[in-house]
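First up is the structure itself, then whatever we jot down about it.
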Amino acid sequence: MLENDKKRCFVELGKFLSQFSEEENVKNPTVLHNDLFFEDFQDLIQLSQSHNGWYTPENVYFSIQSWATALTEENLDKWLSAYNFEKNEPKNVGLILAGNIPLVGFHDFLSVLISGNKVLVKTSSNDQFLLPFLAKYLIVIEPEFAKKITFVEGKLEHFDAVIATGSDNTARYFEYYFKDKPSIIRKNRNSVAILNGKETKEQLEALGEDIFRYFGLGCRNVSKLFVPKGYSFTAFFEAIFKYKDIIQYEKYANNYDYNKAVFLMSNFKLLDNGFLTIKEDSSYASPISSVFYEFYDSIEALQTRLESDSEKIQCLVSNNLVANSIDFGQTQKPNLWDYADNVDTISFLLTIK
């Protein structure tokens, strides 16, 4: 299959996904194979929360729309123009996917196929339906994909390389088990925001999106704030009040109640607005419904700290206070060329021997 044929298939997939949004699902008569897939995908979106309680329709639609926006001919051309695929010999690449947010493994799936390789997918038990559905759509568009996509239920075998995502604990297992194969092993990472007290209300509201989207379950969710000494959280709490309805979700509310009780029993000092607790803590990884914060003395010293901790951090968010930071509200809107853990997946796939 030629590179242009593969790109065409994913552009068509992007058009298919663009029909589905939280506001309205609108069937576009120019989209391929809607007669086979449109109604079934509507049903799957609505059933997703029964498969995984965190997969609310709102968050599933958000993920779908994010991929619809990404999968355009312009974006694919910009992303892939940096690589030479001519000498690539197809390899079998195993994917062990996470299931913390909807379609979290789609970028790896896309990267393997677009680079001309074959993919062996082991889905998470928390996300077993969305990606296989999209794979079926791709196969109907281009039957050649049937030879290149395999979903594995048991042990992952007969692979030349692997990309595995998990916790720090599972990463140690992956590193041992796959030590003889080329691999990308992804561990826990978290995202941080750096504030200086000069942020606008709109920026702080956008920071709420970085914190609360997907209930804070993703590595791109902000779980840690760095603030100057003497910082007042009043404006922050006022700005994020628009997200108060998150406490209506039972799973989130249960985590809020539990984690707040644990903090209070440990006599930790908390700030609390009824749906989010913030706690001074040096760790980057905060539990669901909580964000940690830490004071900094100077931006220069903080920059040095963040550089030394770069392997723990996925995204930096600020108003251009530190290098390589992104704008508020953008953590869950990565481009195709924004690689997880800053590891260039395509370059890895093109160097498998």
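Nothing fancy with the numbering, it's 1 onward along the sequence.
- Val119 and Ile185 fall into different hydrophobic clusters, where Ile, Leu, Val, Met, Phe, Trp and Tyr side chains are chained together by heavy-atom contacts under 4.5 Å.
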Under the salt bridge (Lys or Arg N to Asp or Glu O under 4.0 Å) rule, what do Lys6 and Glu142 come out as? Steps first, then yes or no, please. CA-CA 8 Å; Lys6 293 192 289 285; Glu142 176 49 73; over 6 Å; no

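- Residues Ile96 and Thr170 form no side-chain contact, since every pair of their non-hydrogen atoms from C-beta on lies 4.5 Å or further apart.
- The shortest distance between side-chain heavy atoms of Gln203 and Leu207 does not fall below 4.5 Å.
- Ring geometry for Tyr177 against Tyr173 counts as parallel: the plane angle stays under 30°, on a 0 to 90° scale with 60° as the upper cut.
- The main-chain N or O of Glu209 is found under 3.5 Å from a side-chain atom of Tyr243 such that the two form a donor-acceptor pair.
- When side chains are defined from C-beta on, Pro287 does not count as touching Tyr256, because their heavy atoms never get closer than 4.5 Å.
- Tyr83 has its side chain within reach of Ser347: a pair of non-hydrogen atoms, C-beta onward, lies under 4.5 Å apart.
- Taking the six-membered ring where the residue is Trp, Tyr231 and Phe233 present perpendicular rings, their angle passing 60° and hence far from 30°.
- Shortest non-hydrogen contact noted between Lys118 and Val112 is O-CG1, 3.6 Å.
- In terms of modelled atom types and a separation under 3.5 Å, the side chain of Lys312 and the main chain of Asn188 share no donor-acceptor contact.
- Closest non-hydrogen pair, Asn34 versus Asn28, comes out as ND2-O, 3.0 Å.
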Would you please test Lys187 and Glu311 for salt bridge (Lys or Arg N to Asp or Glu O under 4.0 Å) and show each step? CA-CA 9 Å; Lys187 306 177 183 178; Glu311 291 189 357; over 6 Å; no

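- A 4.5 Å side-chain heavy-atom check between Val140 and Leu32 finds every atom pair outside the cut-off.
- A distance-only check finds no donor-acceptor pair linking the side chain of Gln65 to the backbone of Ser63 [under 3.5 Å].
- Each side-chain hydrogen bond (donor to acceptor under 3.5 Å, both in side chains) pair with one or both residues in residues 66-80, not counting sequence neighbours, appears once here: Lys7-Asp77, Thr72-Asn75, Trp79-Tyr339.
- Between Leu349 and Ser111, some side-chain heavy-atom pair lies under the 4.5 Å cut-off.
- Proximity of a side-chain donor or acceptor of Asn221 to a complementary backbone N or O of Gly218 within less than 3.5 Å is detected.
- Remark: side-chain polar atoms of His51 are not paired, donor with acceptor, to backbone N or O of Asp127 under 3.5 angstrom.
- With a 6.0 Å radius and a threshold of 12 heavy atoms from other residues, nucleotides or ligands, Lys198 has its NZ atom at or below the threshold.
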Please report the C-alpha distance between Val322 and Phe226 in whole Å, then the side-chain angles of each, then the deciding distance to 0.1 Å, and finally whether the side-chain contact (heavy atoms from CB on, under 4.5 Å) criterion is met. CA-CA 12 Å; Val322 296; Phe226 285 98; over 6 Å; no

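- Aromatic ring pairs are classed by plane angle as parallel below 30°, tilted from 30° to 60° and perpendicular above 60°; the pair Phe37 and His33 is perpendicular.
- Under the 4.5 Å side-chain heavy-atom criterion for ILVMFWY residues, a single connected hydrophobic cluster contains both Leu95 and Ile139.
- Using a cutoff of 4.0 Å between basic side-chain nitrogens and carboxylate oxygens, Lys15 and Glu12 are scored as salt-bridged.
- There is a side-chain donor-acceptor pair under 3.5 Å between Ser115 and Asn117.
- The only option from Val93, Val152, Leu131 that meets the side-chain contact (heavy atoms from CB on, under 4.5 Å) definition with Val121 turns out to be Leu131.
- For the pair Lys181 (side chain) and Phe159 (backbone), a donor-acceptor distance under 3.5 Å is present.
- The distance between the ring centers of Phe41 and Tyr137 does not fall below 6.0 angstrom.
- The shortest heavy-atom contact between Leu306 and Val192 is CD2-CG2, 4.3 Å.
- Of the possible polar contacts, one joining the Tyr296 side chain to the Leu195 backbone as a donor-acceptor pair under 3.5 Å is found.
- The nearest pair of heavy atoms linking Gln128 to Ser125 is NE2-O, 3.1 Å.
- Within 6.0 Å of CZ in Phe151 there are more than 12 heavy atoms belonging to other residues, nucleotides or ligands.
- With contacts defined as side-chain heavy-atom distances shorter than 4.5 Å, the pair Ile114/Ile346 qualifies.
- Ile101 and Phe106 fall within the same hydrophobic cluster, where Ile, Leu, Val, Met, Phe, Trp and Tyr residues are linked whenever their side-chain heavy atoms come under 4.5 Å apart, directly or through other members.
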Before you tell me yes or no, could you show the steps for Asp40 and Lys136 under salt bridge (Lys or Arg N to Asp or Glu O under 4.0 Å), namely the whole-Å CA-CA distance, both residues' side-chain angles and the distance that decides it to 0.1 Å? CA-CA 12 Å; Asp40 285 348; Lys136 289 178 183 178; over 6 Å; no

Trace of the side-chain hydrogen bond (donor to acceptor under 3.5 Å, both in side chains) decision for Asp341 with Gln314: CA-CA 6 Å; Asp341 302 0; Gln314 192 67 260; 2.9 Å; yes

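- When atom types are taken as modelled, the side chain of Asp210 and the backbone of Thr331 share a donor-acceptor pair closer than 3.5 angstrom.
- In this structure, Leu270 and Leu264 have side chains that are in contact, with non-hydrogen atoms separated by less than 4.5 Å.
- A salt bridge links Asp108 to Arg186: at least one charged side-chain nitrogen sits closer than 4.0 Å to a carboxylate oxygen.
- Annotation: cation-pi geometry satisfied between Arg213 and Phe62 (NZ/CZ under 6.0 angstrom from ring centroid, within 45° of ring axis).
- Using a 4.0 Å cut-off between a side-chain N of Lys or Arg and a carboxylate O of Asp or Glu, Glu280 and Lys269 do not qualify as a salt bridge.
- If you check the side chains of Asn25 and Tyr61, you find a donor sitting under 3.5 Å from an acceptor.
- Under a cut-off of 6.0 angstrom, the local environment of CG in Asn324 is sparse, with at most 12 non-hydrogen atoms contributed by other residues, nucleotides or ligands.
- Contacts classified as ring-ring contact (aromatic ring centres under 6.0 Å, His included) and involving residues 260-291 (residues at least two apart or in different chains) are given here: Phe212-Phe275.
- Remark: Lys148 is not positioned above the aromatic ring of Phe145, lacking an NZ or CZ atom under 6.0 angstrom from the ring centre and at most 45 degrees off the axis.
- Counting heavy-atom neighbours within 6.0 Å of Lys147 NZ, excluding the residue itself, gives a total of 12 or less.
- Around NZ of Lys333, the count of heavy atoms belonging to other residues, nucleotides or ligands within 6.0 Å does not exceed 12.
- The nearest pair of heavy atoms linking Leu130 to Pro102 is CD1-CB, 4.0 Å.
- Minimum heavy-atom separation, Ser286 to Ser223: OG-O, 3.1 Å.
- Neither Val162 nor Ile352 shares a network with the other; the hydrophobic side chains, linked directly or stepwise wherever heavy atoms of I, L, V, M, F, W or Y lie under 4.5 Å apart, form separate groups for each.
- Residues Phe10 and Leu336 share a hydrophobic cluster, clusters being chains of Ile/Leu/Val/Met/Phe/Trp/Tyr side chains in contact below 4.5 Å.
- A donor-acceptor pair is defined here as one N or O able to donate and one able to accept, closer than 3.5 Å; no such pair exists between the side chain of Asn255 and the backbone of Ser289.
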Full working for salt bridge (Lys or Arg N to Asp or Glu O under 4.0 Å) between Glu238 and Lys201: CA-CA 8 Å; Glu238 289 176 350; Lys201 180 181 179 182; over 6 Å; no

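- Listed for the Asn259 side chain is a donor-acceptor partner under 3.5 Å among the backbone atoms of Ile288.
- Figure legend: cation-pi geometry between Lys251 and Phe215 absent, as NZ or CZ is not positioned both under 6.0 Å from the six-membered ring centre and within 45° of its axis.
- The environment of Tyr258 atom OH is sparse: at most 12 non-hydrogen atoms of other residues, nucleotides or ligands sit within 6.0 angstrom.
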